[in-house]
Amino acid sequence: QVQLVESGGGLVQAGGSLRLSCAASGHPFRSYVMGWFRQAPGKEREFVAAISTSGGSTNYADSVKGRFTISRDNAKNTVYLQMNSLKPENTAVYYCAAKAIPVGSWPPPDWDYWGQGTQVTVSS
C-alpha cells in the first residue's frame with residue numbers, strides 16, 4: 001500500500017542543521033497524513049511532527065517548536081523534516097510514518113505505516 005524510506009540522517013555538531021527526507025511509494029500519497037517520530041536509546045518513541053494531506057496544517061511536539069519544520073511535496077511523494085539548532089538530546093533514530101485519512105484526531109493517535117528509521121547523532 002505504502003512504503004516509506006527515510007534518508008538524510010548523520011552526524012552533526014550542536015547548533016547545526018539537518019534535513020531528513022521520507023520518500024513514499026504507493027498511491028494516492030495525498031490521501032495520507034505524514035509524520036515524524038524519534039526514539040533515543042532507553043526511551044520511548046515520541047511524536048515529533050505531523051502534516052496534513054495538503055500540507056496546510058502542521059503539528060509539533062513542544063520540544064521542537066521553532067526549530068523543526070515539517071513539509072511535503074506531493075508531486076514528489078516526499079515529506080521532509082528540517083531540523084535547525086540541533087541539541088545533543090535530539091540524538092535518536094528518526095522514523096517517518098503515514099496515516100490514511102480520515103484520522104480520529106490531530107495529530108493522529110495511531111499510524112498505519114512506518115519507515116525503517118534514520119540515525120541522527122548530535123555531538124556536543
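Every heavy atom of this structure was used, including side-chain atoms; hydrogens, water molecules and symmetry mates were not. The residues of the chain are indexed from 1 along the displayed sequence.
Between Cys96 and Trp114 the shortest side-chain heavy-atom distance does not fall below 4.5 Å. Taking the side chain as every heavy atom from C-beta outward, Val12 and Ser17 never approach each other to under 4.5 Å. Put simply, the side chain of Asp110 reaches to within 4.5 Å of the side chain of Lys99, judged on heavy atoms. Within the 4.5 Å cutoff, the side chain of Gln13 has no heavy atoms near those of the Val122 side chain. In this structure the side chain of Leu81 reaches within 4.5 angstrom of the side chain of Val48, judged on heavy atoms.
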Going through the checks in order, is the side chain to side chain contact (heavy atoms under 4.5 Å, CB included) test met by Val33 and Trp111? CA-CA 9 Å; Val33 170; Trp111 298 78; 3.9 Å; yes
Test log, rule side chain to side chain contact (heavy atoms under 4.5 Å, CB included), inputs Thr78 and Phe29: CA-CA 9 Å; Thr78 302; Phe29 179 69; 5.9 Å; no
Check step by step if side chain to side chain contact (heavy atoms under 4.5 Å, CB included) holds for Trp106 and Ser52. CA-CA 9 Å; Trp106 186 250; Ser52 62; 4.2 Å; yes
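Of the options Val64, Asn59, Ile51, a side chain to side chain contact (heavy atoms under 4.5 Å, CB included) to Ile70 is made by Ile51 and by none of the others.
Between the OG1 atom of Thr69 and the OH atom of Tyr80 there is a distance of 14.0 Å, given to the nearest 0.5 Å. Atom NZ of residue Lys76 and atom OG of residue Ser21 lie 9.5 Å apart, to the nearest 0.5 angstrom. For the atom pair Ile101 CD1 and Arg30 CZ, the distance stands at 10.5 Å (nearest 0.5 Å). Rounded to the nearest 0.5 Å, atoms OG (Ser25) and CD (Gln3) are 4.0 Å apart. One distance of note links CZ of Arg67 with NZ of Lys87; it measures 4.5 Å at 0.5 Å rounding. One finds the CG atom of Leu11 at 8.5 Å from the OG1 atom of Thr91 (value rounded to the nearest 0.5 Å).
Scanning for side chain to side chain donor-acceptor pair (under 3.5 Å) contacts around Lys65 gives Asp62, with sequence neighbours left out. Take Phe47 and apply the ring pair (Phe, Tyr, Trp, His ring centres under 6.0 Å) test, not counting sequence neighbours, and it matches Phe37.
The closest donor-acceptor contact from the side chain of Asp112 to the backbone of Tyr32 lies at 3.5 Å or more, if one exists at all. Judged by distance alone, with hydrogens and angles left aside, the side-chain atoms of Thr118 form a donor-acceptor pair with the main-chain N or O of Gly9 at under 3.5 Å.
When every heavy atom of Asn90 is checked against every heavy atom of Ser85, the shortest pair comes out as OD1-O, 4.5 Å. Across Ser54 and Asn74, no two heavy atoms sit closer than the pair CA-ND2, 4.4 Å. Residues Ala14 and Ser124 come closest through the heavy atom pair CB-CA, 4.4 Å. Between Val2 and Ala24, the shortest heavy-atom distance links the atoms CG2-CB, 4.2 Å. For the pair Lys43 and Gln39, the tightest heavy-atom approach, listed with the atom from each and the gap, is O-NE2, 3.1 Å.
Linking Ile, Leu, Val, Met, Phe, Trp and Tyr residues whenever their side-chain heavy atoms come within less than 4.5 Å leaves Tyr113 and Val93 in two separate clusters.
Side-chain atoms of Arg72 and Asn77 form no donor-acceptor pair, as typed in the model, at a separation below 3.5 Å. Between the side chains of Glu6 and Gln116, a donor-acceptor pair is found at a separation under 3.5 Å.
Aromatic ring orientation, Tyr94 versus Phe68: tilted (interplanar angle from 30° to 60°).
Annotation: cation-pi geometry not satisfied between Arg38 and Tyr95 (NZ/CZ under 6.0 angstrom from ring centroid, within 45° of ring axis).
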